[in-house]
Protein chains: 4
Amino acid sequence: MRADAAANAHAITAAAKVLLATHGADIPLSAVAEQAGVGIATLYRHFGTREELFLAVARSLRDQALATIERHRARWDEDPEKAWTTLVHDLASIRPGALIPGLLDIAADEALRDDLTRIRGDILNAFDDVLEKAKAAGLVQEDLSPARFQLGLATLTRPLPDPLCRTCRWTGSATG
Amino acid sequence: MRADAAANAHAITAAAKVLLATHGADIPLSAVAEQAGVGIATLYRHFGTREELFLAVARSLRDQALATIERHRARWDEDPEKAWTTLVHDLASIRPGALIPGLLDIAADEALRDDLTRIRGDILNAFDDVLEKAKAAGLVQEDLSPARFQLGLATLTRPLPDPLCRTCRWTGSATG
Amino acid sequence: MRADAAANAHAITAAAKVLLATHGADIPLSAVAEQAGVGIATLYRHFGTREELFLAVARSLRDQALATIERHRARWDEDPEKAWTTLVHDLASIRPGALIPGLLDIAADEALRDDLTRIRGDILNAFDDVLEKAKAAGLVQEDLSPARFQLGLATLTRPLPDPLCRTCRWTGSATG
Amino acid sequence: MRADAAANAHAITAAAKVLLATHGADIPLSAVAEQAGVGIATLYRHFGTREELFLAVARSLRDQALATIERHRARWDEDPEKAWTTLVHDLASIRPGALIPGLLDIAADEALRDDLTRIRGDILNAFDDVLEKAKAAGLVQEDLSPARFQLGLATLTRPLPDPLCRTCRWTGSATG
DNA sequence: GATGAATGAGCCTTCATTCAT
DNA sequence: GATGAATGAAGGCTCATTCAT
């Protein structure tokens, strides 16, 4: 039964990640539960509050980001520019921006703020390393802080609230 | 009483602009009405639907943008770089990103899509002119399309949903 | 100006009659005003309350009914059966049923009940006459009271709330 | 809790039947919920939309009607006239007219029209049988179609919108 | 542990009615 | 006299959260 529970918890965060990335942070939690294939009560049993769920998603995204950085560590010496470019691309494809509005709610919660700060610290530390290398290779401005870099990633990957990315083409030339 | 009504309509769009810019597009319309100092029914009398209100805001932002561009036209010959920089800054301070999610809803509405397209066309035309000059002065890449430029402005000025920009400082060095 | 006002009042009751007959008594008074080509405030100036408007409609319908009866009086001696049949048909085409729900609201109002009773009395009196003749001619049951006759007319002419008399054919053979 | 839920669903349709029969189809659903002793959200959980609730009521009325016809089947051979009279009386006491305005809304809904048609078909079939017998016994006109018979029942049992059946006695002699 | 059911609170929208011009 | 504007109250519906099985 423990395994079942863990599997459910995982399915729930996975579902939340998918729905957050596509529809933004305003999704009904019942939609997350449905997407995860569990009942709404199960979701609440595992995460207690909406904020805790989002926090779990944040942890998961952090782990993805750290793993991504780790994965690129080797390539760095071969071809710094290539390494940096693909790293940024891969980090962006995690779509950290999707979580921002949700995380603001967490930051508003006295009790959860510290958890969030810790998660963010992990990320900033990892960014620090990698930015050093990038700066050494002359690939980014000297004064780009980890926080600033993170903000940029988040800003650029915030999802539109969904409905019709099809109908409404805001982009002109895709490469412009 | 015609004057009163016009004043109210103006107060409502002004309130909507403020609240959209700070809290994003998910605000209750009752909050807009309250901020404007009118009853909710007055808001609906003037705008009929949430979409029409947002469309009015979009028109207002367009007018601001066009006026901003106009205002910078003179400076252009003196100091192109300065002109371009301040123009971009001023356009960004209109915070076009605040409206995006709201406008998506409009674009979803068969009946309002054309209005939206027209508004956007006005802006793109104005951007076209100004981008030509900027390209001529070597200030932007040759292949930056008006649509792409607009997308960039909007992406970068999307507001956080609010609660506590105080508590949670995502930015590191402000200039980084 | 007096003539204008009277014309407006008349236009309003006429509009109310039309809308009541087709959509039932739940119509917005603003729709009545619009149909009459006047502002909503004009409607209220003339009728004060929704109930008074309906009362005016009731008076108008009463007048139509009385006039109808009068009109048939002559024919009675020639051909009683024909007279009775066409009379009933003509009375039904006034659609008294359309007003019933509205009149119930009036009857609920202490102050207006008497007006309503008086109007109804006029009708019942007229029915009394005519029913006597019909009974004498053996065209209706002896025990049909004026009130009962009126109730029957009203019941049978109550309008459906409108939307789709087209889509939904409740009637089978029209003559069955 | 499955049993509880079913009991609630039943209580809700029962409440709806009562309120529809007495106040007509314009009742607030919150009143239905209250009468059923449940919260408004419970009503919506069970029925989703106002139309679905009314459809459930329609099904219930159909079942009552079919059961009523079945119940009278035996008596038919003994005393056809008595059987027919009491049958009609019992069918009328189901007050099918109460639902008409509500059903019109359903008929307007593309998705629900078929359900409604099916329910109605069940009733018409049952009427067909019984009308045959009545015609054989010379109790009704040969050309009375089931649809026409149903229409008559519905027309005659449409409830008044309520307020004060006490104050306002539209009926004269009850038997006239 | 998992689940569906229940619920109140909240936002959207409409309408009867009043007011100022 | 006539008008459009303003407004609160009410009903429709959804969602986060809790409870009982």
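Quick note on labels: first sequence line is chain A, next is B, and so on, each numbered from 1.
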(message) Dot-bracket, 5' to 3', for DNA chain E please: Watson-Crick or G-U pairs under 3.5 Å, [ ] where pairs cross earlier ones, | where the partner sits on another strand, dots elsewhere.
(response) .||||||||||||||||||||

(request) By nearest nucleotide on DNA chain F, pick out whichever of D:Thr49 and C:Val38 is the more 5' one. (result)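 Checking each residue's closest nucleotide, the 5'-ward one belongs to C:Val38.
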
(request) Please figure out whether D:Asp26 or B:Ala9 has its closest DNA chain F nucleotide nearer the 5' end. (result) B:Ala9

Please state how far atom [atom1] in [X] lies from atom [atom2] in [N], giving the value in whole angstrom units.
{"X": "C:Glu52", "N": "E:dT17", "atom1": "CD", "atom2": "C1'", "result": "14 Å"}
{"X": "A:Glu51", "N": "F:dT17", "atom1": "CD", "atom2": "C1'", "result": "12 Å"}
{"X": "C:Leu43", "N": "E:dT17", "atom1": "CG", "atom2": "C1'", "result": "11 Å"}
{"X": "C:Phe47", "N": "F:dG1", "atom1": "CZ", "atom2": "C1'", "result": "14 Å"}
{"X": "A:Ile40", "N": "F:dA20", "atom1": "CD1", "atom2": "C1'", "result": "17 Å"}
{"X": "C:Ile27", "N": "E:dT14", "atom1": "CD1", "atom2": "C1'", "result": "15 Å"}
{"X": "C:Glu34", "N": "F:dT3", "atom1": "CD", "atom2": "P", "result": "13 Å"}
{"X": "B:Asp4", "N": "F:dA6", "atom1": "CG", "atom2": "C1'", "result": "10 Å"}

Where the side chain of [X] is concerned, which of [options] is the nearest nucleotide?
{"X": "D:Leu29", "options": "F:dT7, F:dC13, E:dT3", "answer": "F:dC13"}
{"X": "B:Asn8", "options": "F:dA6, F:dG12, F:dC19", "answer": "F:dA6"}
{"X": "A:Pro28", "options": "E:dC12, F:dA6, F:dA16", "answer": "F:dA16"}
{"X": "A:Tyr44", "options": "F:dT14, F:dA16, F:dA6", "answer": "F:dA16"}
{"X": "C:Arg50", "options": "E:dA16, F:dT3, E:dC12", "answer": "E:dA16"}
{"X": "C:His46", "options": "F:dA2, E:dT17, F:dG11", "answer": "F:dA2"}

Sub-4.5 Å side-chain heavy-atom contact between [X] and [Y]:
{"X": "B:Phe54", "Y": "B:Leu20", "answer": "yes"}
{"X": "A:Val18", "Y": "A:Gln35", "answer": "yes"}
{"X": "C:Arg59", "Y": "C:Asp115", "answer": "yes"}
{"X": "D:Leu103", "Y": "D:Ile106", "answer": "yes"}
{"X": "C:Phe47", "Y": "C:Leu29", "answer": "no"}

(message) Using OP1 and OP2 only, check whether a side-chain N or O of C:Ser30 sits under 4.0 Å from E:dC15.
(response)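 C:Ser30 to E:dC15 OP1/OP2: no side-chain N or O under 4.0 Å.
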
(request) Please determine if a side-chain N or O atom of D:Thr42 lies less than 4.0 Å away from the OP1 or OP2 oxygen of E:dT7. (result)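 Yes, within the criterion.
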
(request) Could you tell me which residues satisfy side-chain contact (heavy atoms from CB on, under 4.5 Å) with A:Ala31, sequence neighbours excluded, listed by chain and number? (result)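 In terms of side-chain contact (heavy atoms from CB on, under 4.5 Å), with neighbours along the sequence ignored, A:Ala31 is linked to A:Leu19, A:Pro28.
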
(request) Tell me which of A:Ala41 and B:Ala41 sits closer to the 5' end of DNA chain E, going by the nucleotide each one is nearest to. (result) A:Ala41

(message) By the definition side-chain contact (heavy atoms from CB on, under 4.5 Å), identify the one residue from B:Leu99, B:Thr13, B:Ile119 that meets it with B:Leu61.
(response)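 Exactly one pass, corresponding to B:Leu99.
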
(request) Please indicate whether A:Glu34 has more than 12 foreign heavy atoms, meaning atoms of other residues, nucleotides or ligands, lying under 6.0 Å from its CD. (result) no

